[in-house]
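Everything below concerns the one structure shown next.
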Amino acid sequence: MRPENEAAMAEMVKTAAGPLRVIGGGTRDIGAPVEGETLSTAKMSGVSLYEPGALTIVAGAGTPLAEIEAVLAAEEQRLAFEPMDHRPLLGTSGEPTIGGVVAANVSGPRRIQVGSCRDSLLGVRFVDGAGRVLKNGGRVMKNVTGYDLVKLMAGSWGTLGVLSEVSLKVQAIPEASACVLLNGLDDVAAVNAMSMALGSPYDITGAAHAPVGVDGHPVTMIRIEGLEASVAYRAEKLKALFAKTGAEVLVERTPEKLTAGWKWVRDAELMQGGAGDVWRYSLKPSDAPQVVADIQEQHPEIKVLYDWGGGLVWVEAPAGTDLRRSEFAGHATLVRASNATRRAVPAFQPEPAPLVTISKGLRAKFDPRGILNPGLMG
Amino acid sequence: MFKLVIFPYQYWKGNRDMEMPAPDQSIIARKARIVDRLRSVLPADAVIEDEVETRAYECDALTAYRCPPLAAVLPASTKEVSEVLKVCHAEGVPVVPRGAGTSLAGGALPTADSVILGVARMTEVLETDYDNRFIRVQSGRTNLSVSGAVEEEDFFYAPDPSSQLACAIAGNIAMNSGGAHCLKYGVTTNNLLGVTMVMMDGEIVEIGGAHLDAAGLDLLGLICGSEGQLGVVTEATLRILRKPEGARPVLMGFDSNEVAGQCVSDIIKAGILPVAIEFMDRPCIRATEAFAGAGYPDCEALLIVEVEGSDEEIEAQLSRINAIARTHNPVELRESGSAEESAKIWLGRKSAFGAMGQINDYMCLDGTIPVSQLPYVLRRIGEMSKEYGLDVGNVFHAGDGNMHPLILFDANKPGDLELCEAFGADILKLCVEVGGCLTGEHGVGIEKRDLMVDQYDPEDLEIQMAVKDVFDPDWLLNPAKVFPLASSQERRIAAE
Amino acid sequence: MQTHFTDEQMQDPGIQRANEILRSCVHCGFCTATCPTYQVLGDELDSPRGRIYQIKDMLENERVPDPKTVLHIDRCLSCLACMTTCPSGVHYMHLVDHAREYIEGKYKRPLTDRLLRWTLARILPYPTRFRLALLGAKIGRPFALLMPDARLKAMLEMAPKHIPPVSRNDDPQSFAPEVPRKKRVALMTGCAQKALNTDINDATIRLLTRLGCEVVVAEGAGCCGALTHHMGKTQESHGTAAKNIRAWCAEMDGDGLDAIVINTSGCGTTVKDYGFMFRNEALAEDAKRVSDIAMDVSEVLMTLDLPEGESKETVVAYHAACSLQHGQQIKTYPKDLLKRAGYSVVEPADSHLCCGSAGTYNLMQPEISKKLKDRKVRTLEAKNPDIIAAGNIGCMMQIGGATEVPIVHTVELLDWATGGPQPPALTAEGKRAPEIPILR
């Protein structure tokens with residue numbers, strides 16, 4: 001089913017006889033596999049309002065992400081949260097949509113500075129499981145009118161409603177960018193260095209560490225963006241700050257290399273095409289090296305990538321292993337695995353009982369028949 | 001279970017009759033028992049029930065509406081909050097959570113059958129972690145003292161509501177408070193990492209923590225801004241940031257609101273992100289000058305634009321901002337040259353509310369509009385001001401379109417408050433009409449409750465009320481707020 | 001804020017003023033953030049906003065004050081931090097003074113309370129009686145543990161171990177300037193201060209005469225009246241204040257006065273308010289004349305070209321007395337002067353918070369007072385100062401009793417830096433633990 005407008009979408013949901021597999025472009029095949037008729041928002045497409053002077057854009061949920069990005073780029077603007085493209089990692093095809101980005105609350109390296117998709121999301125329109133057309137939020141930057149269902153919808157993976165329209169805050173593309181590279185740091189030193197940078201006044205917009213970088217050696221990447229004079233100034237300050245780490249410190253300024261380098265981090269390119277399962281850990285940065293070491297002890301062959309200053313850790317581990325056995329504060333999502341594993345191991349970290357009760361209660365209100373992506377989030 | 005009835009009950013002491021649910025007389029009749037049970041779980045001085053004392057809790061910073069509660073309690077820990085809620089849950093007593101009582105929307109207005117649960121004694125810092133850039137505090141701690149706790153290491157907590165000196169983190173979370181600098185740093189929800197919350201039945205839940213993003217549904221995002229109706233937040237993990245190397249404001253005066261509005265839009269469009277863009281119109285400029293003598297130019301509209309960074313970075317940003325401003329023929333363009341001058345530029349803005357308060361009583365609105373609509377909306381407000389015969393001053397966060405029209409009225413003059421409310425409602429409806437919303441950072445509370453129907457369709461409100469059902473099935477937490485009384489009670493009656 | 005006074009009530013000038021103040025309050029709650037008792041107790045009722053609300057209710061309804069309202073008003077330190085914080089310019093001081101007077105007139109306190117307050121009002125403002133009482137307390141101190149009332153116990157425990165002999169400098173007389181005369185000023189020698197610490201007035205006279213002032217101690221001047229004023233005992237306070245007004249006006253009308261110099265900031269706040277206190281009385285005009293030229297010693301010194309001193313190693317922690325920083329809004333002068341004299345000046349965290357001395361507060365509300373004292377001493381000591389300086393005897397006694405760091409009056413340090421003797425409190429034998437915080 002590919003509704004072309006909200007009314008049609010509402011009718012389809014209302015009259016659905018069984019479970020619906022709700023998708024945008026279908027490029028983010030994550031979570032427990034859903035059996036059901038496919039409901040795609042792909043045809044709810046198009047930018048309906050864009051005010052560069054107010055930094056806001058409103059678009060149909062099915063609008064291709066590429067289209068949004070092109071429209072914004074024409075005014076030298078962008079989505080601040082740098083959404084990841086899951087296709088190479090998951091081996092999916094199709095056209096990522098803005099609705100999919102919202103439903104999965106996708107973000108990228110800039111999340112540490114500007115937040116994730118939900119932090120840029122100003123408003124949503126959606127059809128709930130009963131077929132009601134609902135809205136929440138709007139298109140202004142500050143809005144506390146009623147409960148914030150906007151945040152709730154972001155990252156709800158279509159389990160609470162089918163998005164029809166979203167409005168987002170956008171950001172001007174800064175004129176300059178630089179990446180300070182530290183070579184040869186071990187994981188603990190790298191997380192410390194990233195903490196130092198993030199605890200500095202130099203407005204870091206990316207902090208990642210690859211124990212095994214593209215050239216086979218550890219590399220830590222610190223990104224700064226802004227006015228040219230400011231970027232140059234901060235790059236120098238950071239170099240000075242990192243002198244005590246003992247690592248070789250370089251500053252990369254070539255735009256192509258910067259784009260490619262951060263895309264490599266954003267899309268977890270290190271793990272593309274691999275045979276293992278891919279896990280995504282969200283945790284306290286200083287805990288990250290130990291959590292990784294614990295996994296490594298069991299599975300020495302894992303691939304690891306740190307982003308968000310250590311707050312996000314990508315791990316590619318042998319297929320079919322449940323890495324959640326060791327205790328840690330935070331959560332891990334199984335992003336890539338076979339359907340069989342995704343049925344056996346919950347893709348989303350199981351939550352404490354009181355939160356499960358609340359989430360269940362919410363789903364029962366939004367989707368009383370339990371037909372929207374049932375079971376996807378566990 | 002207590003029963004709500006739609007009934008305009010006149011128990012307000014003032015000259016204002018606000019439609020509120022009739023207090024449950026059976027609760028009032030059980031006061032002694034309820035107080036005894038509360039005393040059994042709290043220290044003696046933490047339960048306030050004498051009528052001469054509960055009166056001080058009859059309103060927050062919105063004094064137009066007031067009603068003394070059955071009792072007020074001042075727990076000092078999550079455990080005590082849990083005990084209090086267990087008692088109230090068992091007795092079916094509504095609970096009104098209260099931070100510092102600085103709400104301008106009546107967010108902490110009690111009902112006669114409710115217990116005020118104040119968190120003012122919960123002010124401890126529980127954990128400070130500079131490596132991971134967060135602080136965990138009890139929710140009664142004031143916004144500014146969170147920054148104060150990390151100041152020595154040059155860190156700060158970014159959201160800065162105008163009342164940051166006094167307002168509590170609990171209230172900030174309840175209202176998802178913003179502030180002048182949210183253009184760059186976001187509002188509370190963007191800086192909140194986790195909470196410890198006590199459910200109405202006393203169960204203690206942990207949501208979020210030192211990590212980012214939710215494992216499942218974003219309950220943290222839902223709780224932030226829920227006006228104390230889903231649970232009582234007792235502890236919060238907040239993101240802290242390193243202070244910028246410096247900050248400098250520039251003051252610009254313009255001949256008209258339109259030109260100033262256009263200048264705001266041009267600055268934003270140019271890709272420069274100041275940390276704050278504040279706007280004041282002529283009535284506000286004049287009142288402020290008379291009160292604080294900040295040396296503002298006598299002009300139609302004034303902008304304060306602040307940028308941050310090292311001196312070089314500030315220069316670079318300001319030179320561009322000034323170039324843009326010059327294309328709009330400013331009557332004044334004053335860049336601060338020192339800390340004293342910066343303070344002076346901000347002085348007027350920060351005294352604006354006080355200055356308006358010297359002229360008369362005021363009602364402070366909080367609608368947000370798309371920035372592009374600023375000139376139109378300001379013009380309409382001016383016209384309506386004449387129609388209503390009430391003066392209004394505008395001082396607000398222009399960068400994000402969050403307006404704060406201050407309508408002046410005389411609370412001691414019969415009928416003036418009602419006139420002011422009608423005017424306010426018209427302004428808020430205008431905000432919605434042009435694509436904005438009723439409230440940008442103060443919350444709905446009691447004040448804008450009945451205007452919700454102007455922004456939301458019945459089903460949009462229904463799903464929000466359904467959310468409340470999940471967290472607080474008996475609707476005991478912060479009653480009669482947020483949702484139009486008619487809507488919330490119709491469905492309750494239907495449910496029973 | 002809306003008020004509900006009847007036309008009849010509004011005939012009363014006191015109510016008129018109260019109404020004016022209440023109407024200017026918008027109930028925003030900013031004042032709660034800097035109120036010491038709210039910091040300690042966390043109860044709206046013990047915040048300025050809550051007190052304003054209780055006062056409003058009591059006055060509007062002409063209620064006979066109830067013990068609970070009285071308790072919350074009594075707990076107010078009158079530190080006036082709320083007035084510094086208030087964005088709307090609410091004159092809390094006049095409102096709470098009015099409420100105290102109202103309570104004093106309509107509320108019958110328990111016997112022990114009345115006795116205690118009566119005793120304090122009969123002793124503290126009178127240096128000779130106070131000196132005798134201090135001697136008595138010294139004898140009584142060993143029996144402190146046996147005292148049933150916490151407040152009486154506090155009084156005994158706070159009495160200083162050292163009671164200085166009477167200083168003849170405090171007698172009525174005139175001190176000639178050491179250099180050609182720039183100003184003729186009257187020094188208010190105070191009441192309790194004279195009994196507790198004679199060094200301050202001695203230093204003030206040396207410093208002022210050194211800098212070109214003729215310093216007069218006016219015949220007939222005495223206690224400023226603050227103590228009884230804050231108890232709501234208007235008759236007593238106006239009585240002593242009237243004596244001062246007459247004494248200083250006589251000087252003004254005689255050889256003339258450029259200023260009335262006050263080195264106890266608690267008194268300064270009150271003297272500067274004489275104009276308001278007497279606004280409806282025969283002495284109105286004279287009272288205003290006095291208020292107009294009343295100055296804290298730091299204000300006078302700012303006009304006297306204090307010589308710049310060599311930079312010293314000595315770290316001075318400046319404790320801002322509430323009556324100075326909030327009551328008189330004098331925040332930078334003492335620090336500026338100390339720096340000018342060459343001292344290295346530091347300030348404690350939360351310098352806006354009261355030390356808990358607040359006149360007789362430490363005697364009447366020992367528990368809250370102690371919490372504030374401990375907090376203040378902790379924040380001061382965190383700065384590792386060599387000396388603590390303050391501009392108010394009450395604070396000096398309160399803080400001095402709880403720290404090993406010597407505490408002196410700002411003028412003693414300025415006197416020392418400009419050629420005067422080392423302050424006795426800094427000499428080895430002079431480190432006498434001053435312990436009683438009495439008057440602001």
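Using a 4.5 Å cut-off between heavy atoms, B:M175 touches chain A through its backbone atoms (N, CA, C, O) alone. In this structure, no portion of B:V432 lies under 4.5 Å from any heavy atom of chain A. Both the backbone and the side chain of A:L355 have a heavy atom closer than 4.5 Å to some heavy atom of chain B. At a 4.5 Å heavy-atom cutoff, the contact between A:S156 and chain B is made by backbone and side-chain atoms alike. Only the side chain of A:R118 comes within contact range of chain B, judged by heavy atoms closer than 4.5 Å. Contact annotation for A:Q171: neither backbone nor side-chain heavy atoms come within less than 4.5 Å of a heavy atom of chain B.
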Walk me through whether A:L312 and B:L212 qualify under side-chain contact (heavy atoms from CB on, under 4.5 Å). CA-CA 8 Å; A:L312 172 67; B:L212 297 173; over 6 Å; no
Show, in sequence, the C-alpha distance, side-chain angles and deciding distance for A:E351 and B:L217, and conclude whether the side-chain contact (heavy atoms from CB on, under 4.5 Å) test is met. CA-CA 10 Å; A:E351 293 187 286; B:L217 295 178; 5.7 Å; no
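Contact of the B:L222 side chain with the A:D148 side chain is not registered, since no non-hydrogen atoms from C-beta on lie closer than 4.5 Å. At a threshold of 4.5 Å between non-hydrogen side-chain atoms, the residues A:S116 and B:D213 count as touching. In this structure the side chain of B:E206 never reaches within 4.5 angstrom of the side chain of A:P354, judged on heavy atoms. In this structure the side chain of A:N136 never reaches within 4.5 angstrom of the side chain of B:I463, judged on heavy atoms. Between B:V467 and A:F366 the shortest side-chain heavy-atom distance falls below 4.5 Å. For the pair A:V144/B:V187, no side-chain contact is recorded, criterion being any heavy-atom separation below 4.5 Å from C-beta on. Within the 4.5 Å cutoff, the side chain of B:M452 has heavy atoms near those of the A:T145 side chain.
Environment of CD in A:E228: crowded, with over 12 heavy atoms of neighbouring residues, nucleotides or ligands closer than 6.0 Å. Atom NZ of B:K468 is surrounded by more than 12 heavy atoms from other residues, nucleotides or ligands within 6.0 Å.
Note: A:P201 leads A:A353, A:P201, A:G226, A:A172 in heavy-atom pairs under 4.5 Å with chain B. Taking B:E203, B:R320, B:E153, B:M199 one by one and counting their heavy-atom pairs under 4.5 Å with chain A, the maximum is reached by B:R320. Ranked by heavy-atom pairs shorter than 4.5 Å toward chain A, the options B:F155, B:Y456, B:F134 are led by B:Y456. Contacts with chain A were tallied for B:V482, B:D460, B:V371; B:D460 has the most, counting heavy-atom pairs under 4.5 Å. Put simply, of B:E245, B:R239, B:K448, the one with the most heavy-atom pairs under 4.5 Å next to chain A is B:E245. By number of non-hydrogen pairs under 4.5 angstrom with chain B, the leading residue of A:D119, A:T333, A:I173 is A:D119. Among the candidates B:E227, B:K184, B:E462, the residue making the largest number of heavy-atom pairs closer than 4.5 Å to chain A is B:K184. Ranked by non-hydrogen atom pairs under 4.5 Å with chain A, the options B:A210, B:G178, B:G216 are led by B:G216.
Contact detail for A:V140 and B:G436: the closest heavy-atom pair is CG1-CA, 3.9 Å.
Checking B:N132 against A:S286 by side-chain atom types alone, a donor-acceptor pair falls below 3.5 Å.
For B:S226 (side chain) and A:Y147 (main-chain N/O), no donor-acceptor pair under 3.5 Å exists by modelled atom type. Listed for the B:T368 side chain is a donor-acceptor partner under 3.5 Å among the backbone atoms of A:K142.
A salt bridge links A:K135 to B:D457: at least one charged side-chain nitrogen sits closer than 4.0 Å to a carboxylate oxygen.
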